[in-house]
Number of protein chains: 2
Amino acid sequence: MSTYHHGGLRAALLQAAGDLLEKQGLAALSLREAARRAGVSHNAPYRHFPDRDALLASLASEGYRQLGEALKGRAGREMGEAYVRFALGHPNRFRLMFGGVLAMAAHPELREAAGATYETLVVAFRAQRDIADPALAAAAAWSLVHGLAQLLLDGHFPEARARDDFVRQVIGAVRFAAAPRPA
Amino acid sequence: MSTYHHGGLRAALLQAAGDLLEKQGLAALSLREAARRAGVSHNAPYRHFPDRDALLASLASEGYRQLGEALKGRAGREMGEAYVRFALGHPNRFRLMFGGVLAMAAHPELREAAGATYETLVVAFRAQRDIADPALAAAAAWSLVHGLAQLLLDGHFPEARARDDFVRQVIGAVRFAAAPRPA
DNA sequence: GATGGCAAGTTGACAATGACAACATCAGCA
DNA sequence: TGCTGATGTTGTCATTGTCAACTTGCCATC
């Protein structure tokens with residue numbers, strides 16, 4: 001069987017690149033190494049991705065979908081905790097998604113995946129009737145958990161020995177402005 | 001005047017690298033380009049920084065100090081807004097500081113600069129007596145503004161046409177748990 | 001069943017980069 | 001005067017992203 005044509009190279013590359021990213025970090029992720037691991041020549045990836053950034057964008061999009069899955073079905077605090085858990089569980093993927101390496105504008109695929117995930121958040125908040133402005137609350141909630149995740153990842157909360165508790169407490173320390181007057 | 005010895009190479013490199021970073025982004029920042037701009041050979045930087053990461057760490061430390069300056073003297077909402085303003089005003093520097101490119105642990109200089117800035121935040125909150133747990137509130141506040149900044153930077157809030165107002169509103173949508181009982 | 005075209009892979013090349021080693025310059029001090 | 005160490009320099013290497021040109025082999029069409 002001639003293996004000249006790989007068959008599922010695109011998927012194999014994403015797999016290899018994902019492995020590299022998660023286990024060794026973004027810096028270790030080169031197109032050539034991914035190609036090596038997929039058992040093809042150093043230029044084969046260009047048949048499936050216009051350039052390195054395109055590969056990264058695909059990995060990030062995967063990440064948004066995974067994150068969306070992790071949030072689905074949860075609400076409130078629980079959703080926030082799931083968000084942070086995802087970030088801590090996939091630090092390098094998370095950083096790729098939000099590290100500003102990729103310009104959202106240049107990768108429509110990214111924008112769509114990210115937008116869909118955000119939508120999950122907004123919907124969850126829209127359900128709670130006693131909140132003044134659900135959209136604003138959703139933005140604030142996302143900001144809170146996102147910032148918390150990022151700062152934990154970067155090691156900015158050394159006092160957080162027991163991460164799960166810390167996360168719960170921080171999220172618990174916040175209230176959202178109630179609807180001014182139930183008119 | 002023989003210019004064999006530059007005199008202030010370290011500072012000149014930081015200057016050049018800072019320019020590159022802020023104007024063209026992290027990807028465009030190479031040791032060699034910085035050396036070129038400082039008018040020295042491609043290897044001169046190694047006399048002042050062990051490797052590229054060390055240069056980046058210095059740039060990030062500068063950033064923490066600048067951020068500290070921007071926060072100093074402000075409190076509450078105002079401090080939060082200043083935080084976001086700093087991030088939006090120096091996007092690439094901010095991303096370098098928090099993008100996870102640098103491992104805090106590997107650069108003590110970084111840890112110290114970041115810690116000092118965080119201290120400013122905690123102190124500001126400790127002053128407010130009606131808050132249950134100031135340390136927790138500080139962590140939550142930092143998370144909130146940090147996440148907000150990051151998400152804005154990445155373009156995740158396309159609805160935020162009027163950024164300043166949006167920031168004010170999001171920050172305003174949050175309350176911190178009050179002290180349970182003024183014992 | 002031959003054939004021609006096109007997607008998918010391959011080899012080869014190039015410039016840029018981070019890093020190492022060996023050499024050059026020069027200020028200050030014994 | 002002459003040494004020495006910090007600061008710069010030149011030379012070199014492996015790695016990487018990307019472009020160009022060539023190869024393979026499946027599929028449709030005659």
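Every chain is numbered from 1 and lettered A, B, ... according to where its sequence line falls, protein lines coming before strand lines.
The phosphate of C:dT17 (OP1 or OP2) has a side-chain N or O of B:Ser30 nearer than 4.0 angstrom. Side-chain N/O atoms of B:Arg36 include one lying less than 4.0 angstrom from OP1 or OP2 on C:dT17. In this structure, A:His48 reaches the C:dG9 phosphate: one of its side-chain N or O atoms is under 4.0 Å from OP1 or OP2. Residue B:Arg52 has a polar side-chain atom (N or O) positioned under 4.0 Å from OP1 or OP2 of C:dG18. B:Tyr46 has a side-chain polar atom (N or O) that falls below the 4.0 Å cut-off from OP1 or OP2 of C:dA19.
Atom CZ in B:Arg47 sits roughly 14 Å away from atom P in D:dG5 (whole-Å rounding). When the P atom of D:dC19 is taken as reference, atom CG of A:Asp51 falls 8 Å away, rounded to whole Å. Remark: P of C:dG18 and CG of B:Leu13 are 12 Å apart, rounded to the nearest angstrom.
Taking only side-chain atoms of B:Ala44, from C-beta outward, the nucleotide of D:dG8, C:dG9, C:dG12 with the closest atom is D:dG8. Comparing atom distances between the A:Asn43 side chain and each of D:dA20, C:dG9, D:dT9 picks out D:dA20 as nearest. In the set D:dT18, D:dT9, C:dT10, D:dT9 carries the atom at the smallest distance from any side-chain atom of B:Ser41.
Looking at A:Arg85, its side chain never comes within 3.5 Å of a backbone N or O of A:Asp164 through a donor-acceptor pair.
Annotation: side chain of A:Leu21 is in contact with side chain of A:Arg93 (closest heavy-atom distance under 4.5 Å). A 4.5 Å side-chain heavy-atom check between B:His42 and B:Leu31 finds every atom pair outside the cut-off.
Across the interface with DNA chain C, nearest-nucleotide mapping of A:Val40 and A:Arg32 shows A:Val40 to be the residue nearer the 5′ end.
Ring to ring, B:Tyr64 and B:Phe98 are close: their centroids are under 6.0 angstrom apart.
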